[in-house]
Participant: 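Just dropping this structure here.
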Amino acid sequence: MQGVDLHTHSNISDGTLSPEQLVHAALEKGIHTLALTDHDSMDGLKLAEKVAENLAIKMISGVEISSQWSRPSTKKNYGVHIVALNMQNPAPLLALLEQQKQIRAVRAKQICDLLIPLIGEDIYRDVIAKVDDIPDRVTRTHIAKTLVEKGYVSRPQQAFDKYIKEGKKAYVKFDGLGLQETIQVIHESQGFAVLAHPTRYDLSATNIRYLIEIFAQFGGDAIELPPAIEPASTRQMVDRMIEQFGLKVSVGSDFHGDNMPWIKLGNIPRVKEGQVGIWESFR
Ligand code: AMP
Ligand code: MN
Ligand code: MN
Ligand code: MN
């Protein structure tokens with residue numbers, strides 16, 4: 001499993017390397033199996049595949065889908081990221097991603113509009129300049145970066161905490177595909193559905209368990225293992241749920257280039273004995 005990284009971002013979303021640069025960087029890190037998983041976009045794949053063709057690196061098609069689920073007992077909607085991997089017939093997924101991109105573009109403008117009374121400035125033009133004026137590529141990372149550059153906050157995390165995370169005044173929910181529909185369309189595209197970073201949603205242990213349970217019920221394939229920096233007890237909890245619901249595992253760094261310099265490409269957690277890697281099912 002060394003040399004596998006199945007969760008990475010390029011500058012097609014909120015990473016800083018181009019898809020081509022990402023492939024070269026991966027090769028230098030000794031990665032032989034790489035998935036590019038930009039937010040709601042597969043636009044970088046062709047570029048990455050073209051470079052990888054002549055190199056000793058296998059590109060796996062991928063995308064990180066902004067999805068949502070709800071729990072009847074709490075009547076609340078929760079956001080969740082589903083990584084889709086190794087699509088053999090991407091057409092159904094590509095069609096739905098067009099809708100996701102529209103939602104992303106509209107939401108970028110809404111967030112900037114909500115920021116106007118809070119900071120006294122419209123930063124929309126500066127935000128989309130960060131994504132080559134292609135609004136459907138805007139993530140909150142770009143908005144946070146713009147707020148730092150303009151001096152409204154000192155670090156990106158502060159932009160989330162003060163303005164754009166859930167519960168703050170400029171938060172806009174990503175009203176995307178439902179969880180079941182997301183898994184369904186990934187399977188129609190003959191790919192695998194992976195629940196990304198299960199412990200990064202600010203959920204209680206009970207809600208993480210419920211999420212993993214419905215993910216398995218809806219036919220989800222694998223759970224991404226938490227990074228090694230998380231407490232051993234967190235990892236053990238996830239390991240138990242993986243075993244209980246009979247799911248496979250995935251490994252990825254969630255590399256974002258210089259936007260998150262502490263995350264290193266190819267830095268993935270250890271797979272526990274008995275766990276089955278989703279990469280073993282790749283075609
Ligand atoms: P979006 O898909 O536009 O909601 O942007 C999501 C991206 O913003 C994630 O992939 C992270 O890279 C980043 N992000 C989300 N929440 C936070 C947070 N609380 N602090 C820092 N970065 C975050
Ligand atoms: Mn991101
Ligand atoms: Mn994510
Ligand atoms: Mn990611």
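All ligand and atom numbering here is 1-based and tracks the order in the structure. This structure is a prediction, so every number in the text was calculated from the model and none was measured. Any value given below was found using the heavy atoms of this structure, including those in side chains, with hydrogens, waters and symmetry copies removed. Quick note: residue numbers are just sequence positions, from 1.
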Participant: Kindly list each side-chain donor-acceptor pair under 3.5 angstrom involving residues 57-64, sequence neighbours excluded, with atom names and distances?
Facilitator:
from: Ser61; atom 1: OG; to: Met87; atom 2: N; distance (Å): 2.9
from: Glu64; atom 1: OE1; to: His7; atom 2: NE2; distance (Å): 2.9
from: Glu64; atom 1: OE1; to: His9; atom 2: NE2; distance (Å): 3.0
from: Glu64; atom 1: OE2; to: His81; atom 2: ND1; distance (Å): 2.8
from: Glu64; atom 1: OE2; to: His197; atom 2: NE2; distance (Å): 3.3

Participant: Of all N/O/S atoms in His9, which lies nearest to the Mn ion (ligand 4)?
Facilitator: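 For His9, the N, O or S atom at the smallest distance from the Mn ion (ligand 4) is NE2.
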Participant: Please say whether the positively charged group of Lys109, taken as NZ for Lys or CZ for Arg, lies over the ring of Tyr124, i.e. under 6.0 angstrom from the six-membered ring centre and within 45 degrees of the axis.
Facilitator: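 Judged by the rule, Lys109 and Tyr124 form a cation-pi pair.
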Participant: Do any protein N, O or S atoms sit under 2.8 Å from the Mn ion (ligand 3), and which ones are they?
Facilitator: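 The answer is Glu64 OE2, His81 ND1, His197 NE2.
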Participant: On a heavy-atom basis, which atom in Arg140 and which in Ile111 lie closest, and how many Å separate them?
Facilitator: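 Between these two residues, the closest heavy atoms are CG-CD1, 4.0 Å.
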Participant: Please name the atom of Asp14, limited to N, O or S, that comes nearest to the Mn ion (ligand 2).
Facilitator: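 For Asp14, the N/O/S atom sitting closest to the Mn ion (ligand 2) is OD2.
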Participant: Under 4.5 Å between side-chain heavy atoms, chaining through other members, with only Ile, Leu, Val, Met, Phe, Trp and Tyr counted: pull out the rest of the cluster around Ile103, sorted by chain and number.
Facilitator: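 Phe174, which link up through side-chain heavy atoms under 4.5 Å apart, make up the rest of the cluster.
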Participant: I'd like to check the side-chain hydrogen bond (donor to acceptor under 3.5 Å, both in side chains) partners of Gln244; sequence neighbours left out, ordered by chain and number.
Facilitator: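 By the side-chain hydrogen bond (donor to acceptor under 3.5 Å, both in side chains) rule, Gln244 matches Arg209.
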Participant: Could you walk me through whether Glu230 and Thr199 pass the side-chain hydrogen bond (donor to acceptor under 3.5 Å, both in side chains) check?
Facilitator: CA-CA 9 Å; Glu230 290 199 25; Thr199 53; 2.7 Å; yes
Participant: Are Met42 and Val131 joined in one hydrophobic group, where the rule is that I, L, V, M, F, W and Y side chains link up if heavy atoms are under 4.5 Å apart?
Facilitator: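 Each belongs to a different hydrophobic cluster.
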